[in-house]
There are 2 protein chains.
Amino acid sequence: MRWQHLDQEPCSLARALAVIGDRWTLMVLRDCFLGVRRFDHFQERLGVTRHVLSDRLRKLVDQGVLEKAAYQERPRREEYRLTDMGRALHPVIVHLVQWGDRYLADKRGAPLLHEHRTCGHRLEARLTCDACGEPVAPRDVRVRQNPAFTDPLLPVPETGGDVSRPPSPPTRRPPRQESE
Amino acid sequence: MRWQHLDQEPCSLARALAVIGDRWTLMVLRDCFLGVRRFDHFQERLGVTRHVLSDRLRKLVDQGVLEKAAYQERPRREEYRLTDMGRALHPVIVHLVQWGDRYLADKRGAPLLHEHRTCGHRLEARLTCDACGEPVAPRDVRVRQNPAFTDPLLPVPETGGDVSRPPSPPTRRPPRQESE
DNA sequence: GGCATGGGTTCCATTTTGGAACCCACTGAC
DNA sequence: GTCAGTGGGTTCCAAAATGGAACCCATGCC
């Protein structure tokens, strides 16, 4: 499967990654949330080549994650700002940063400290269900396929660890037409 | 800046991306959360080349996100399972999927439907502060630098949109030694 | 022996990055 | 008017990563 076709996959993760899943894009967005808005400022902070930065910013604008806004005329100067679609990625970045803080920090701890302004405590992000307000663990989520999608999207259960099953159950799936 | 040095950056997002930020890793982890555990099963579902898959799985094991466990001896067969570190990425994936569902779906809607098992409703993920239980918006987060890090990590404010400022404030920062 | 299976590795062509230089419109200083 | 500076790029080429396909190897099944 080619990376370029990822945005047509019947999988929201694949489509999301087609937008923000390449090497530099999330770093760009992190800086957006920290208030960076200008090309050179991104370039200086990220150290990425201007070519790649230019490409990423353009794609993000094309896809609606960022928008260009003139902040002065004569000479025209534009800056990149998060759209609502871009701001909706905030939880992703917060959880990723927290994961890095927890598992990848050196002895000095987290480089940046996040405080929840409205309660004054250190921000400890949690995934909760908006319907019931309870925290959500991986096991608490049941995944079903939307019946509007007819190709099978979910894995065939493997009976993992069950050595008693016959040596070769129908693991092979029917031939598929370049889509999964 | 090279991608390979990202894991030494004083930024938890950069370090997290050094682990899970390349083209295929999050797709692999998505499948892990859906119960996929075997090499061929990943390969078949993702369509990625065996070479790349092998490389990604090995790196994930090296970094502690997955672990290999034998599910049978003679012949020895191993499977890949999420560790606690890997399971801690669940919120990241859930939010990414939800973002894709919201902004990138076609008319058929979300390919996979997620239900919160304990309350029975459609899972609507929310970022909340564990200290106060309230939802967290981007504006609600104040970011400070951990004083143990001496190099400046946060962007110099740009006074965006303020046309009244002098033409060239000290935007240039002092020369830095390959670290940001 | 011959074939299948899980779990890879090798080889080579195509794509993507990284590095560095170059470009262009505009401005303000001289 | 010229000249350097600035924001915001583009071009060119070499280095690295990816895609495709074939090959490998131990074991087990018949």
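Note that the structure is predicted; figures quoted are calculated from it, not measured.
- For the pair B:K68 and C:dG6, the criterion of a side-chain N or O lying under 4.0 Å from OP1 or OP2 is not met.
- For the residue pair A:S12 / B:D101, a side-chain donor-acceptor distance below 3.5 Å is found, with atom types taken as modelled.
- Computed from coordinates, the B:F39 CZ to C:dG8 P distance equals 6 Å when rounded to whole Å.
- In terms of phosphate contacts, A:S54 brings a side-chain nitrogen or oxygen within less than 4.0 Å of OP1 or OP2 of D:dT10.
- Counting to the nearest Å, the C1' atom of C:dT15 and the CZ atom of A:R23 are 12 Å from each other.
- Note on A:R56: a side-chain N or O is less than 4.0 Å away from OP1 or OP2 of C:dT17.
- If you take CZ of A:R50 and C1' of C:dA21, they are 11 Å apart, rounded to a whole angstrom.
- Residues A:R76 and A:E78 are paired through a salt bridge, judged by an N-O separation under 4.0 Å between the basic side chain and the carboxylate.
- Distance, A:H51 NE2 to D:dT11 C1': 8 Å, rounded to whole Å.
- Geometrically, A:R50 does not engage A:F39 in a cation-pi contact defined by less than 6.0 Å to the ring centre and at most 45° from the axis.
- Atom CD of A:Q43 is separated from atom P of C:dA20 by 11 Å (rounded to the nearest Å).
- Going from atom CG of B:L57 over to atom P of C:dG7 covers 10 Å, rounded to whole Å.
- Closest-nucleotide positions on DNA chain C for A:R76 and B:D55 were compared, and the one nearer the 5' end corresponds to B:D55.
- One interatomic measurement links the two molecules: CZ of B:R77 to C1' of C:dA4, which rounds to 10 Å at whole-angstrom precision.
- At whole-Å resolution of the value, CG in B:L53 and P in D:dA21 are 17 Å apart.
- Here the side chain of A:R15 pairs a donor or acceptor atom with the backbone of A:E9 at under 3.5 angstrom.
- Nearest to the side-chain atoms of B:Y71 among the listed nucleotides C:dG6, D:dG19, D:dG7 stands C:dG6.
- For B:Y80 and C:dG6, the shortest distance from a side-chain N or O to OP1 or OP2 is not below 4.0 Å.
- Note: A:Y80 and A:F42 have perpendicular aromatic rings, judged against thresholds of 30 and 60 degrees for the angle between ring planes.
- Within the structure, every side-chain polar atom (N or O) of A:W24 is placed at least 4.0 Å from both OP1 and OP2 of C:dT16.
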